[in-house]
Amino acid sequence: MLRRRITMSTPSRSSLGKYGEDFACRYLQNMGYKLLARNFRCHRYGEIDLIVEKSGCISFIEVKTRASTRFGRPIEAVTPAKQRKIHRCAEYYLQCRGLLEQPPVLSFDVVEIIIESTAAISIRHWPHCF
């Protein structure tokens, strides 16, 4: 008798990341945030996953999604170098929107998502964390 072990396919990094960004976007909108931009690209410095606004404060959101915490929490992947790139992208975003002269209140946040199984999802929003 031939036995096969059936396992759920592991999603690719890009599909896991997109799923996490979609989930984070819905979560933030349910929390009262208005989506301003998604995957805002700056040629030199990369991209900002989500740009949202609530009560006059613009938040630049880095979304980190992991299938486990085996290699650390998702927020730990937002290194000082990554933070500098996000700050530069945010400055470019403000320049493109003509907001540098009188910049609004800004926040740099991380949303971490841990998908333990198909049914268990942990989400945590870290506002003003860098």
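In what follows, every heavy atom counts, from backbone to side chain, and hydrogens, waters and symmetry copies are set aside.
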Student: With sequence neighbours excluded, tell me which residues meet ring pair (Phe, Tyr, Trp, His ring centres under 6.0 Å) with F23.
Tutor: none

Student: Quick check for you: to the nearest 0.5 Å, what is the distance between L16 atom CG and I113 atom CD1?
Tutor: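 Rounded to the nearest 0.5 Å, the CG-CD1 separation comes out at 9.0 Å.
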
Student: Among residues at least two apart in sequence or on other chains, which ones pass ring pair (Phe, Tyr, Trp, His ring centres under 6.0 Å) with F130?
Tutor: H87, F108

Student: Do any pairs count as a salt bridge (charged side-chain N to carboxylate O under 4.0 Å, His left out) and have a residue in residues 29-39, sequence neighbours left out, and if so which ones?
Tutor: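 Qualifying pairs, neighbours excluded: D22-R38.
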
Student: If you count the non-hydrogen atoms of other residues, nucleotides and ligands that lie under 6.0 Å from CD in E91, is the total more than 12?
Tutor: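 No, not enclosed.
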
Student: Verify, without hydrogens or angle tests, whether E21 (side chain) and L50 (backbone) share a donor-acceptor contact under 3.5 angstrom.
Tutor: no

Student: Hey, could you give me the CD1/OH distance between I51 and Y93, rounded to the nearest 0.5 Å?
Tutor: 5.0 Å

Student: Got a salt bridge between E112 and K64, using NZ or NE/NH1/NH2 to carboxylate O under 4.0 Å?
Tutor: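 Not counted as a salt bridge, because no side-chain N and carboxylate O are separated by less than 4.0 Å.
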
Student: Cationic tip of K54 within the cone over Y33's six-membered ring, i.e. under 6.0 Å and within 45° of the normal?
Tutor: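 Yes, a cation-pi geometry.
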
Student: Which label fits F40 and Y92: parallel for a plane angle under 30°, tilted from 30 to 60°, or perpendicular past 60°?
Tutor: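 The arrangement is tilted - the two ring planes meet at 30° to 60°.
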
Student: Is there a side-chain contact between L100 and L94, using heavy atoms and a 4.5 Å cut-off?
Tutor: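 Yes; the side chains approach each other to less than 4.5 Å.
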
Student: Just by modelled atom types, is the H128 backbone N or O under 3.5 Å from a matching donor or acceptor in the D109 side chain?
Tutor: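 Confirmed, D109 side chain pairs with H128 backbone.
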
